[in-house]
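These notes concern the structure reproduced below.
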Amino acid sequence: MLGPVILAASRSDKMRRLVSAAPVTKQVVDRFIPGETVDAVVPIVQEAVASGLELTMDVVGEDITTPEQAAAARDAYLALIDRLKVLGHGTKAEMSVKLSMFGQALENGHELALANVRPVVEAAAAIGTTVTLDAEDHTTLDSMFAIHEELRKDFPQTGCVIQSYLFRTEDDARRLAAAGSRVRLVKGAYKEPASVAYQDKADIDKAYVRVLRILMEGDGYPMVGSHDPRLVAIAQELAHRAGRKLDDYEFQMLYGIRSDEHHRLAAEGHRMRVYTAYGTDWYGYFMRRLAEKPANLLFFFRSMLTKG
């Protein structure tokens, strides 16, 4: 019942003002979203690259309701890519995109999202990097996978995300674990019905390991999206059993969460990529993440108490 309340609050100007003014909100936002502009995140990119980390950049934005807004989202990513080219960090920073930002939910949304994301993928390839398509709620996945397949015809390095809590994911993983593919595995953060997704944490974790084994034993490039120390250790063991070298897979974690672990894994020779979101619509991004799974609220505040 809490999710719809939070989602309603995300659309309320009054709640936006109240939440924005709360000191604890600024602490959380500053911790997890390092800035609102490209200029603000440039020092973050430079510091991460200098310390041996890589990044995947997400320009936050929600509730795209017009084709013009979708085009603006496309242009924001193109501006980011231009800046990365100037910095010379293109090979160290990829992009993560949500197709909803490119108009997927609008009329003729599948075609619109593909038309908007393609120039971003092209521009990323031109500076030596790539794009990963983020997974959203289960109703959008067939469209996302179809766009992913279409993009890979010209840009085979284009990645995608799968979520262990969905019943369909083991089959998706078997299909995707092919040579040249790049697949990020996450647990999943959207509030999904019991008809399509595991609801119990233990079941989700077990599914994560099953799917991770499929990816590690496949011919693609697995990207392990988890902060869970136990799953990180399991990933290392599965990679070892599959005969993978340290550069045959990577770990991905969110900016601001377990930063010490980012550096520990990088120091051990692992590829460690930090998911870094930025943009002016931090309020919508923050509230919708809570609406998707209100338990995230405890996670965020627990992270505030353990800043390592």
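A quick note: this is a predicted structure, and the numbers were derived from the prediction, not measured.
Arg273 contributes no side-chain N or O that, together with a main-chain N or O of Glu54, makes up a donor-acceptor pair within less than 3.5 Å. Between the side chain of Arg244 and the main chain of Met216, a donor-acceptor pair closer than 3.5 Å is present. The backbone N or O of Ala197 sits less than 3.5 Å from a side-chain atom of Gln199, completing a donor-acceptor pair. Not one N or O on the side chain of Ser181 forms a donor-acceptor pair closer than 3.5 Å with the backbone of Ala179. No side-chain donor-acceptor contact under 3.5 Å links Thr129 to the backbone of Thr91. The backbone N or O of Met253 lies less than 3.5 Å from no partner atom in the side chain of His227, so there is not a single donor-acceptor pair. In terms of modelled atom types and a separation under 3.5 Å, the side chain of Ser143 and the main chain of Thr140 share no donor-acceptor contact. Side chain of Glu94 to main chain of Thr158: no donor-acceptor pair is present (N/O by atom type, distance under 3.5 Å, no hydrogens or angles). Although no hydrogens or angles enter the test, the distance criterion places no donor-acceptor pair under 3.5 Å between the side chain of Thr280 and the main chain of Glu36.
The distance from atom CG of Leu141 to atom OG1 of Thr139, rounded to the nearest 0.5 Å, is 7.5 Å. In this structure, the separation between CG on Leu99 and CG on Leu114 is 9.0 Å, given to the nearest 0.5 Å. For the atom pair CG (Leu151) and CG (Leu133), the distance works out to 6.0 Å, reported to the nearest 0.5 Å. Note that the NE2 atom of His263 and the OG atom of Ser51 stand 4.5 Å from one another [nearest 0.5 Å]. Note: Leu112 CG to Arg74 CZ = 9.5 Å, rounded to the nearest 0.5 Å.
The heavy-atom pair separating Ile204 from Tyr165 by the smallest distance is CG1-CB, 3.6 Å. Considering all non-hydrogen atoms of both residues, Met144 and Gln104 come closest at N-NE2, 3.8 Å. What you find for Ile64 and Ala70 is that their closest heavy atoms are CG2-N, 3.7 Å. Minimum heavy-atom separation, Gly279 to Val60: CA-CG2, 3.7 Å. Here the shortest heavy-atom pairing between Gly256 and Phe32 reads O-CE2, 3.9 Å. Nearest heavy atoms, Glu192 versus Glu136: OE2-O, 4.5 Å.
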Original post:
How far apart are the C-alpha atoms of Asp171 and Arg175, what are their side-chain angles, what is the distance that settles it, and do they pass the salt bridge (Lys or Arg N to Asp or Glu O under 4.0 Å) test?
Top reply: CA-CA 6 Å; Asp171 288 336; Arg175 174 176 56 82; over 6 Å; no
**OP:** Just do the salt bridge (Lys or Arg N to Asp or Glu O under 4.0 Å) check on Asp137 and Lys191 with the steps written out, would you?
**Re:** CA-CA 8 Å; Asp137 76 82; Lys191 184 63 176 177; over 6 Å; no
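Side-chain atoms of Tyr275 and Asp58 form a donor-acceptor pair, as typed in the model, at a separation below 3.5 Å. Tyr208 and Arg213 form no side-chain donor-acceptor contact under 3.5 Å, judged by distance and modelled atom types alone. A donor and an acceptor atom, one from each side chain of Thr56 and Ser96, are located under 3.5 Å apart.
Among residues two or more places apart in sequence or in another chain, the side-chain contact (heavy atoms from CB on, under 4.5 Å) test is passed with Leu246 by Tyr249, His270. Under the salt bridge (charged side-chain N to carboxylate O under 4.0 Å, His left out) criterion, Arg168 pairs with Asp142, Asp172, sequence neighbours left out.
Other residues, nucleotides and ligands contribute at most 12 non-hydrogen atoms within 6.0 Å of the CD atom of Glu47. The neighbour count for Lys187 NZ, taken as heavy atoms of other residues, nucleotides or ligands under 6.0 Å away, is above 12. Atom CD of Glu149 sits in a sparse spot, with 12 or fewer heavy atoms from other residues, nucleotides or ligands closer than 6.0 Å.
Salt bridge annotation for Lys201-Asp205: present, with a cationic side-chain nitrogen under 4.0 angstrom from a carboxylate oxygen.
One hydrophobic cluster, built from ILVMFWY side chains closer than 4.5 Å, cannot hold both Val121 and Met223; they sit in different ones.
Between Phe102 and Tyr77, the ring centre distance stays below 6.0 Å.
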